[in-house]
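First the structure, in the form of C-alpha cells, and then the observations on it.
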Amino acid sequence: MERYGRADGVLVDSIGHLWAAFSPSSGETTLLNDESAAILEVLEAGESDTAGVCAALAEDSGIDAQEFVEAVAGGWPRLLEAGLVNRQTDTTAAW
Amino acid sequence: MTGAVTPRDVPALLEIGSERLDRMLATTGLWLDIGAATIRVRSDSPAFGTQLRAVYGYFPAIENAPWADLHVRIRKSTGVRRWLKPQATFHCDGLQTFDPFPAASPLPLFEWGCNWLIGRRLNDRLLLHAGAVERDGFALVLPAMPGSGKSTLTAALSQRGWRLLSDEFGAYDPSVGMFQAVLKPIALKNESIAAVRRFAPGAVIGPEFPKTRKGTVAHVAPNSDAVMRCSEYARPGAIVLPRWEAGASTRLEPLTESSVFPALAFNAFNYSLLGGDGFRSVVRLVRQCLSWQLVYGDLEEALGALESIWPRVLEHRMAGPL
C-alpha cells in the first residue's frame with residue numbers, strides 16, 4: 001500500500017469551520033476540510049498509509065476505521081497536489 | 001524599507017513657492033515620507049510640481065534625507081517627440097518601467113509608477129490589496145477587487161474623522177503585528193470623483209485627468225493629520241469587504257473566518273512571496289478581527305453602518321490579545 005509523509009515545514013491552522021494549510025515547497029495555501037486536516041495531523045507523527053491513518057483516526061475518535069477509508073483514500077491526491085504530503089519511496093522493494 | 005525621516009519643522013509643500021518646489025524637483029529632489037517608505041522624486045516636467053503640490057500639499061518639503069526607499073524621476077520627453085506629442089516618462093533606478101503618459105499627466109504616471117514599485121518592493125510587510133483607515137488606534141481594513149468602491153469608501157471615511165493609512169495597500173508589519181500607512185493621495189475614477197465631491201465638498205481634490213487607461217482620474221489629498229501621523233502604527237481592528245452596487249440598500253453582514261481568509265490572502269500583492277510569514281499573518285488577522293461584508297449604494301449610509309459597528313469592534317479587540 002502506498003505510504004505518505006507530511007511535507008517539510010507545512011503549516012496548518014483552523015480558520016473558522018475550515019482549515020488553512022501552507023506548503024513551503026509549493027508556496028500554495030489550501031483550504032481543507034476536517035478529514036484532510038486530520039490526515040495531516042496523523043502524519044505529524046510519521047509517514048503512514050491509508051490503513052494506518054484510518055486506524056489512528058479510529059483510535060482517536062472511537063469510530064470504526066472502515067468509516068474513514070473512503071475519505072482518507074480520496075484525500076491523498078489533493079494533498080499531494082497541494083504539496084502538503086509526499087509519496088514515500090518503499091526502500092524495501094528492491095530487496 | 002523604512003520611513004520616519006520627516007522633520008516636523010520643515011514647511012509643507014503648500015507653504016513653499018512653486019519656484020522653490022520646481023527647483024527642488026529639478027536638482028536634489030523631494031523626499032516624500034509616506035509612512036512605510038520614503039520616496040525621492042526628481043522631475044523636469046513643467047506640469048509636475050503644480051500637480052504634485054495639489055495633492056501632496058501637507059507633506060513636508062524635505063530637500064534632503066539620509067535614506068529613500070524609492071528613487072524615481074518624472075522626465076519630459078526628449079528628441080523630436082517633444083514637439084509632436086509631448087510625453088512624460090517614469091524612471092526608477094535609471095530604468096524606464098512604463099509606457100509614457102501625455103506630458104500634461106505626470107501625476108497619474110507618478111502615482112501608478114510608485115504604487116507598482118511599492119507593490120513589488122515593500123516585501124517586509126504583508127501588502128493586502130485594501131483601503132485602510134484608523135480610529136482609536138485600530139485599523140479598519142477594506143480589502144476589495146478594483147471596481148468595488150474601495151477607494152470611494154476610503155476617501156469618504158478619510159473626510160469624516162478616520163485617519164487615512166492608504167487607499168491601495170493594507171500594509172501589515174508581521175514583526176509588530178500592526179498596520180502602517182502607505183500614505184498617498186486617493187485615486188478616484190470616473191463617477192467616484194463627483195460622488196466624493198458631493199459627499200465632502202471640503203475635500204481637497206487635485207486636477208482631473210481625462211482619457212487615462214482607467215477613464216477620468218483625480219486624486220484626493222491626504223489631510224494634515226494623516227500626514228503628520230503617517231509613521232504611527234495601527235493595531236488590526238476590523239475587516240470589511242466593501243461592494244458598491246448602484247441603488248443598493250446598505251447591508252452589513254458578518255463574515256466567517258473561513259470566508260475572510262481567502263479574501264485577504266489571495267488578494268494580497270505579496271502573500272506567496274512571504275511564505276510562512278504571510279500565512280501566519282493572515283491567520284492572525286482573521287483571528288483577531290471581526291469581519292463583515294458591506295454592500296452599499298449610498299456613502300452616508302455606508303459610513304453610518306461602519307460607525308455603528310465600531311464600538312463593538314473596539315470592545316472585541318480590547319477583550320482579546322492586542
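Listed by chain and residue number, B/Leu128, B/Val141, B/Pro143 satisfy the side-chain contact (heavy atoms from CB on, under 4.5 Å) test with B/Ala130 (two or more places apart in sequence, or in another chain). Contacts of B/Ala155 classified as side-chain contact (heavy atoms from CB on, under 4.5 Å), with partners at least two apart in sequence or in another chain: B/Ile186, B/Leu188, B/Val196, B/Val220.
Of all non-hydrogen atoms in A/Leu11 and B/Gly276, the two that sit nearest each other are CD1-CA, 3.7 Å. Nearest heavy atoms, B/Phe261 versus A/Ala20: CZ-CB, 3.8 Å.
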Between chain A and chain B, which N or O donor and acceptor atoms come closer than 3.5 Å?
unit_1	atom_1	unit_2	atom_2	d
A/Asp13	OD1	B/Arg287	NH2	2.6
A/Ser14	O	B/Arg287	NH2	2.8
A/Ser14	OG	B/Arg287	NH2	3.4
A/Gly16	N	B/Glu257	OE1	2.9
A/His17	ND1	B/Ser258	OG	3.3
A/Thr29	OG1	B/Tyr271	OH	2.4

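Environment of CD in A/Glu47: crowded, with over 12 heavy atoms of neighbouring residues, nucleotides or ligands closer than 6.0 Å.
Among residues 54-62 of chain A, no residue has any heavy atom closer than 4.5 Å to a heavy atom of chain B.
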